[in-house]
Structures are given as structure tokens and as C-alpha cells.
Amino acid sequence: QKRMAALEDDQELKALESSQWFQDSKKWSEEARYFHWKLEYPEVFYDQDGTPKDEPGFDAIIGNPPYVDFKTLPQSQKDLIEPLHSTSSGKFDLYIPFIEDAISLSRRMVSFIVPSMFMKRDYGRDLRQYLVDKTSLRTLLDFQHLQIFGDATNFTCTVIFDNQASDTAHYKKLNKNEQLTDLLEYT
């Protein structure tokens with residue numbers, strides 16, 4: 001209760017903001033541009049008294065994470081990501097830890113449009129196992145040859161995972177003759 005009350009009391013908040021650890025954290029945040037979900041959305045993870053919720057997390061997360069190749073990722077970022085993510089080892093793409101984070105931050109559904117290479121390549125092995133262990137696949141739309149993002153050459157898919165058990169999964173692979181509009185009847 002004291003933690004949440006401090007955010008509502010101007011004097012306590014000023015004292016908190018003037019503390020060295022707060023100043024250091026703010027500086028690191030500005031330099032590294034990190035985002036801490038539990039600090040940005042405390043109401044999703046904590047009760048009014050500041051204790052962790054019994055079922056924390058977002059109801060659903062929908063996104064298009066960055067497609068950044070391992071080769072272009074600065075070593076300083078790799079060094080931060082790898083120890084915190086069981087799915088990110090070797091030559092992973094940046095969207096891999098985004099999927100892991102989304103699943104851990106969600107109580108239920110996660111949907112992303114991502115490169116489909118994680119289904120086939122070695123760097124996706126840990127993610128595939130993580131998904132089998134932690135989620136139920138609800139939908140997989142494999143766009144195959146269709147370039148969703150215009151000039152960007154990526155083979156993409158849309159995936160929907162559920163953090164709760166499900167007996168139903170839908171899979172659709174777009175054939176060469178089909179266009180995106182052909183998927184409207186599928187949805």
C-alpha cells in the first residue's frame with residue numbers, strides 16, 4: 001500500500017524522484033531506451049495496495065515486432081536480451097524475444113505477424129519448444145510467397161497463441177494463386 005500511496009502523495013513522490021537510485025534508473029532508461037511493462041502499466045500487474053495480482057497481465061497482446069537480424073543487433077543489446085530469454089540464443093532475430101515477452105505478459109491471447117522462419121530455422125528451435133510448453137496454438141496463417149510489407153522481402157505469418165488450453169487450432173497456408181482477400185472467408 002505504501003508503494004502505491006507514494007505515487008499519489010506529491011511530497012513522497014518528490015523524495016522518491018530525488019533519490020539516487022531513481023535518478024540512476026531514469027538516466028539508464030533514457031540512455032538505453034528500455035521499457036518496463038510493470039512500471040508503465042502497474043494497474044495490470046498490481047492491486048491498489050501494491051501487491052501483485054493473482055492473475056496479472058493483459059487480456060490480449062497484438063503486435064508487429066521489429067524484424068532485426070542477429071547480425072545487425074549491437075552486442076550490448078544481445079548481452080541484455082540473452083540472459084533474460086530462454087528462447088534467444090545463438091543467432092536469433094529480435095522478434096523472437098518479443099514473442100516470449102508477450103506470452104509472459106498476457107493472461108490469454110497473443111497475436112503477432114512475424115517472419116515464418118522461426119518455424120524452420122535452428123534459431124527458432126527454443127521458441128518452438130517454449131510455445132509447445134507454454135501455449136496452445138489457435139491460428140497460424142502462413143502467407144508464404146505473398147509479400148505483406150511491399151518492398152520488404154519477408155516470408156511472414158500471423159500466429160495466435162492462447163495461454164489457456166485449447167482443443168482447436170486453425171492452419172491456413174496461402175497458395176500461389178490466392179491473394180490476401182481470399183483469406184477473408186477464412187477469418
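Worth saying up front: this structure is predicted, and the values here are computed from it rather than measured.
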Original post:
Does R138 pair with D162 as a salt bridge, N-O distance under 4.0 Å?
Top reply: yes
Subject >> Pair F70 and F92, ring centroids less than 6.0 Å apart >> reply: yes
**OP:** Would you check if the distance from the ring center of W37 to the ring center of F45 is below 6.0 Å?
**Re:** no
**OP:** Look at the side-chain heavy atoms of Ile, Leu, Val, Met, Phe, Trp and Tyr, link any pair under 4.5 Å apart, and say whether Y130 and I99 land in one connected group.
**Re:** yes
Original post:
Quick one: do D24 and K27 make a salt bridge, cutoff under 4.0 Å?
Top reply: no
Subject >> salt_bridge(D142, K172) N-O dist < 4.0 Å >> reply: no
**OP:** Output yes when a side-chain donor or acceptor of T139 lies under 3.5 Å from a complementary backbone atom of I160, and no otherwise.
**Re:** no
Subject >> Candidate list L131, L127, I61, T87, test side-chain contact (heavy atoms from CB on, under 4.5 Å), partner I103, passing option >> reply: L131
Subject >> Same apolar cluster (I L V M F W Y, side chains within < 4.5 Å links), M109/L137 >> reply: no
Original post:
When the aromatic ring centroids of Y41 and F58 are compared, is their separation below 6.0 Å?
Top reply: yes
Subject >> Nearest non-hydrogen partners of K53 and D47, listed with the distance >> reply: CG-OD1, 3.3 Å
Original post:
Is the side chain of S111 donor-acceptor paired with the backbone N or O of V159 at a distance under 3.5 Å, no angle test?
Top reply: yes
